[in-house]
Amino acid sequence: MRWIRWLPGLITLRQYQATWLKQDIAAGIVLVTMLVPVGIAYAVASGVPGIYGLYATIVPLLAYALFGPSRILVLGPDSSLAAIILGVVFPLSGGDPFRAVALASMMAVVSGVVCILAGIARLGFVTELLSKPIRYGYMNGIALTVLISQLPKVFGFSIDDDGPLRELWAIGGAVLDGRANWIAFAIGASTLAVILLLKNSKRLPGVLIAVIGATAIVGAFDLAARADVSVLGPLPQGLPAMILARF
């Protein structure tokens, strides 16, 4: 039974207690409600169709439940990777969503192989060689880049410029030209305000309330048709077919 140590999820399942089920169901519902919009948003921010954010959210969770050693770690899409993926996918895909998915998938495979090799070689100590100012600067830069890239969606239009400074200039010009959709902006600003106001609350989940509220308002008032508010629309059903892409 030596192989069982490679499957901690099976050990947890064998020791599972019925009294845990109620809390696990509640936690699962909350996490799914939050991870679904987050996965879709990060996929779009990375330059791939939103449905693939769901695939990248569900499949790793199932794999980690079986192979992961931690029972409390929350696994999901990470904002720090969105800008890196976009920087590779956007210029090479040429606007083709299928090519973008193939490029992002290859990045995931290569990154996984590199991480496995680094783990085997015990190179984790390398991360400690990076000073905190460098790490903080990197994370703040990534956050600023993602924020600027999502501003056009908040104002309800799209731009084609590349680079944070050019994007800011293009966003300002588009707003001054009257291209902004102020209803879309009101929804986005209200959602952000709710999240920030409830950020420190231990009882009220700000992100969950904001997502449900914005979704309910857009659906109840049919703002996609009446106010031209952009929505994701219907998503493909089922899992994608496995194919080998040629570049």
Side-chain angles (χ1 to χ4, degrees), residues 32-57 76-77 79 82-83 85-87 89-91 93-101 104 142-199 205-238 240:
V32 167
T33 308
M34 295 177 62
L35 284 177
V36 166
V38 167
I40 294 174
Y42 286 165
V44 175
S46 301
V48 299
I51 183 62
Y52 291 92
L54 294 182
Y55 299 149
T57 300
S79 59
I85 298 174
L86 180 65
V89 169
F90 183 77
S93 63
D96 185 355
F98 296 102
R99 185 176 178 84
V101 171
I142 289 294
L144 185 61
T145 301
V146 173
L147 174 63
I148 294 174
S149 68
Q150 298 305 302
L151 277 179
K153 296 180 176 63
V154 176
F155 284 100
F157 55 74
S158 60
I159 58 175
D160 297 327
D161 290 270
D162 188 18
L165 296 180
R166 292 181 179 178
E167 288 180 355
L168 279 177
W169 183 264
I171 291 170
V175 173
L176 293 177
D177 291 340
R179 293 174 53 191
N181 185 333
W182 294 111
I183 295 180
F185 176 79
I187 295 174
S190 301
T191 302
L192 181 60
V194 171
I195 294 174
L196 293 177
L197 288 174
L198 299 179
K199 180 179 180 180
V207 176
L208 182 60
I209 293 174
V211 169
I212 294 177
T215 304
I217 291 173
V218 173
F221 294 97
D222 194 17
L223 296 182
R226 294 182 178 181
D228 196 27
V229 174
S230 180
V231 297
L232 187 62
L235 295 175
Q237 298 183 359

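One-based numbering along the sequence shown.
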Output for pair (L168 CG, I148 CD1), nearest 0.5 Å, gives 4.0 Å
Heavy-atom side-chain contact between V101 and P49 under 4.5 Å
yes
Closest approach of V194 to G206 (non-hydrogen atoms, all atoms of both residues)
CG1-O, 4.0 Å
Determine the minimum heavy-atom distance between F221 and R226, stating which atoms define it.
O-CD, 3.3 Å
Shortest non-hydrogen separation from P91 to L86 and the atoms involved
CD-O, 3.7 Å
All heavy atoms of V89 vs all of A100, minimum pair found to be CG1-CB, 3.4 Å
Spatial distance of atom OG1 (T57) from atom OH (Y42) [nearest 0.5 Å]:
10.5 Å
Please name the pair of heavy atoms, one in T215 and one in V211, separated by the smallest distance, quoted to 0.1 Å.
OG1-O, 2.7 Å
side-chain contact (heavy atoms from CB on, under 4.5 Å) partners of F185, counting only residues at least two apart:
V154, F155, W182, A189
To the nearest 0.5 angstrom, please state how far the OG1 atom of T191 sits from the CD1 atom of I187.
7.5 Å
Has the side chain of R179 got a donor or acceptor atom that lies under 3.5 Å from a matching backbone atom of G173?
no
Any donor and acceptor pair, going by atom type alone, linking the side chain of D228 with main-chain N or O of N181 inside 3.5 Å?
no
What distance do I212 atom CD1 and I217 atom CD1 have between them, rounded to the nearest 0.5 Å?
12.0 Å
Return the minimal non-hydrogen interatomic distance between V48 and A104, and the atom names on each side.
CG1-CB, 3.9 Å
